[in-house]
Amino acid sequence: MKVGIIGSGDVAKALARGFIKHGHAVLMGTREEGKLKAFADETPGVKLGGFADAAGFGEVVVLAVKGSAALEAVRLAGNNLEGKVVIDATNPIADLPPVHGVLQFFTGPNDSLGERLQNAAPKVKFVKAYNSVGHAAMVNPKFDGGPPTMFIAGNDDQAKASVSDILKAFGWEAADMGPIEASRALEPLCQLWCIPGFTRNDWYHAFKLLR
Ligand SMILES: NC(=O)c1ccc[n+]([C@@H]2O[C@H](COP(=O)([O-])OP(=O)(O)OC[C@H]3O[C@@H](n4cnc5c(N)ncnc54)[C@H](OP(=O)(O)O)[C@@H]3O)[C@@H](O)[C@H]2O)c1
């Protein structure tokens, strides 16, 4: 599969490595290719380009940019995203310090970045996923409790099925929480996930849904 990754940060790099490891072709999009040159040199198979190039290249596209820039990144990716499955790993983190370890968001409780993106680009099949775990555990994590759960949400069932297959290959079980409004519940999992990190420097854990 051809995977476009919009982003140059830790999430973009972790997922790029993961997709390459699992035999896919990857093009990473950034506004400044020089930023990713060293990473591309040490990660054979990774191609570089702009946001629109990543959107055009991918059969599946990952959106891994700063939350406050996500709408702008989707705008820059342009028509190339239309009809595509986009794994949206973003969180609406505000440019403010955490309060006693709790990240501050620029969205409120009955709103989400997932919905804002879907409303701005209705032809894109956004699937909120990978927003509730740190980059170090995104691909084939090892936990004593077995495979962790990735909560996902989105309006297109086929898109969610494709993302669930990717998650399974990457050592996760997917739990589909329904249409994109469920992002209102998924995005705050990022706040919960980060608390042990900010308060105890404990950054390696994941959620599991027990039945
Ligand atoms: N870090 C984690 O472990 C983690 C885990 C789960 C979810 N997330 C979420 O995943 C997303 C990516 O996180 P990250 O830590 O990898 O990277 P990040 O530092 O949050 O974001 C870096 C990316 O944002 C883009 N960006 C920044 N300002 C921009 C602007 N004004 N216009 C367009 N693009 C802009 C950058 O583009 P250029 O390449 O062009 O500079 C870069 O690709 C975030 O939304 C974060 O909340 C992070």
Side-chain angles (χ1 to χ4, degrees), residues 3-19 26-40 43 46-55 58 61-78 80-81 86-98 102-107 112-118 120-121 126-139 141 148-153 163 166-167 170 172 183 185-198 201-207:
V3 182
I5 300 185
I6 299 176
S8 61
D10 289 337
V11 173
K13 288 175 183 165
L15 291 177
R17 278 191 211 99
F19 280 110
V26 170
L27 191 151
M28 296 175 79
T30 168
R31 294 165 304 160
E32 202 189 315
E33 274 187 45
K35 231 184 222 187
L36 282 172
K37 193 180 172 312
F39 177 77
T43 318
V46 167
K47 294 189 184 69
L48 302 181
F51 288 173
D53 298 320
V61 178
V62 174
L63 181 63
V65 296
K66 191 177 175 198
S68 56
L71 283 164
E72 173 64 2
V74 166
R75 194 190 64 75
L76 290 171
N80 285 352
L81 279 183
V86 174
I87 299 175
D88 168 24
T90 64
N91 283 306
I93 299 171
D95 286 326
L96 295 166
V102 184
L103 280 169
Q104 300 195 60
F105 275 9
F106 59 77
T107 48
S112 64
L113 185 53
E115 288 165 274
R116 291 188 190 185
L117 291 167
Q118 187 63 79
F126 286 103
V127 179
K128 178 67 68 179
Y130 270 119
N131 71 298
S132 59
V133 70
H135 61 91
M138 287 183 170
V139 181
T149 304
M150 185 65 70
F151 296 96
I152 67 170
V163 175
I166 292 166
L167 283 164
F170 282 23
W172 289 79
S183 302
L186 268 58
E187 289 170 1
L189 290 178
C190 149
Q191 291 171 305
L192 186 61
W193 186 90
C194 285
I195 290 173
F198 288 123
N201 201 27
D202 170 4
W203 295 102
Y204 199 78
H205 44 265
F207 297 112

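Counting starts at 1 for both ligands and their atoms, following the listed order.
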Exercise. Taking the six-membered ring where the residue is Trp, are the ring centres of F198 and W193 under 6.0 Å apart?
Worked result: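 Judged by ring-centre distance (under 6.0 Å), F198 and W193 do not meet the cut-off.
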Using a 4.0 Å cut-off to any heavy atom of [X], which atoms of ligand 1 qualify?
X    : result
Y130 : 6 (C), 7 (C)
G134 : 3 (O)
K35  : 38 (P), 39 (O), 41 (O)
G7   : 43 (O)
M138 : 5 (C), 6 (C)
G67  : 45 (O)

For this session: For the residue pair W172 and Y130, categorise the inter-ring angle as parallel (less than 30°), tilted (30 to 60°) or perpendicular (more than 60°).
Result: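 Perpendicular: the ring planes of W172 and Y130 meet at over 60°.
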What's the shortest distance from [atom] to any protein heavy atom, and which residue and atom give it?
atom                    : answer
atom 3 (O) of ligand 1  : H135 N, 2.9 Å
atom 45 (O) of ligand 1 : V65 O, 2.7 Å
atom 10 (O) of ligand 1 : A89 O, 3.3 Å
atom 18 (P) of ligand 1 : K66 N, 4.1 Å
atom 15 (O) of ligand 1 : D10 N, 4.3 Å
atom 32 (N) of ligand 1 : R31 NH1, 3.4 Å
atom 17 (O) of ligand 1 : G9 CA, 3.9 Å
atom 5 (C) of ligand 1  : V133 O, 3.0 Å

Please name the pair of heavy atoms, one in [X] and one in [Y], separated by the smallest distance, quoted to 0.1 Å.
X    : Y   : answer
T107 : P92 : OG1-CG, 3.3 Å
L63  : V74 : CD2-CG2, 3.9 Å
M28  : A16 : SD-CB, 3.8 Å

Do side-chain atoms of [X] reach the backbone of [Y] as a donor and acceptor pair under 3.5 angstrom?
X    : Y    : answer
N91  : N131 : yes
Q191 : V102 : no
E187 : L113 : yes
E115 : S183 : no
K47  : A54  : no
N80  : A52  : yes

Taking distance alone, with no angle check, do [X] and ligand 1 share an N/O pair under 3.5 Å?
X   : value
N91 : yes
T30 : yes
V11 : yes
T90 : no

Tell me the contacting part of [X] for ligand 1: side chain, backbone, both, or neither, using a 4.0 Å heavy-atom threshold, strictly below.
X   : result
F51 : side chain
A73 : neither
K13 : neither
I93 : side chain

Exercise. What residue among V26, D88, I166, L15 forms side chain to side chain contact (heavy atoms under 4.5 Å, CB included) with V62?
Worked result: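 Exactly one pass, corresponding to L15.
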Exercise. Who are the salt bridge (Lys or Arg N to Asp or Glu O under 4.0 Å) partners of R75, not counting sequence neighbours?
Worked result: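 For R75, the residues satisfying salt bridge (Lys or Arg N to Asp or Glu O under 4.0 Å) (neighbours in sequence not counted) are E72.
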For this session: Going by heavy-atom distance to atom 12 (C) of ligand 1, choose the closest among A64, A14, G197.
Result: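 Considering heavy atoms of A64, A14, G197, the nearest to atom 12 (C) of ligand 1 sits in A64.
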Problem set entry | Nearest option to atom 34 (N) of ligand 1, as decided by whichever heavy atom of A12, A69, S132 sits closest |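 Answer by nearest heavy atom: A69.
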Problem set entry | Non-hydrogen side-chain atoms of P98 and C194 separated by less than 4.5 Å |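 Side chain of P98 against side chain of C194, heavy atoms only: no contact under 4.5 Å found.
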Exercise. Just wondering, do Y204 and P141 contact through their side chains at under 4.5 Å, heavy atoms?
Worked result: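 Side chain of P141 against side chain of Y204, heavy atoms only: contact under 4.5 Å found.
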Problem set entry | Verify atom 43 (O) of ligand 1: protein non-hydrogen atom under 4.0 angstrom away |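 Yes, because at least one protein heavy atom sits under 4.0 Å from atom 43 (O) of ligand 1.
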Exercise. Is the shortest distance from a heavy atom of W193 to ligand 1 less than 4.0 Å?
Worked result: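 Under 4.0 Å: no for W193.
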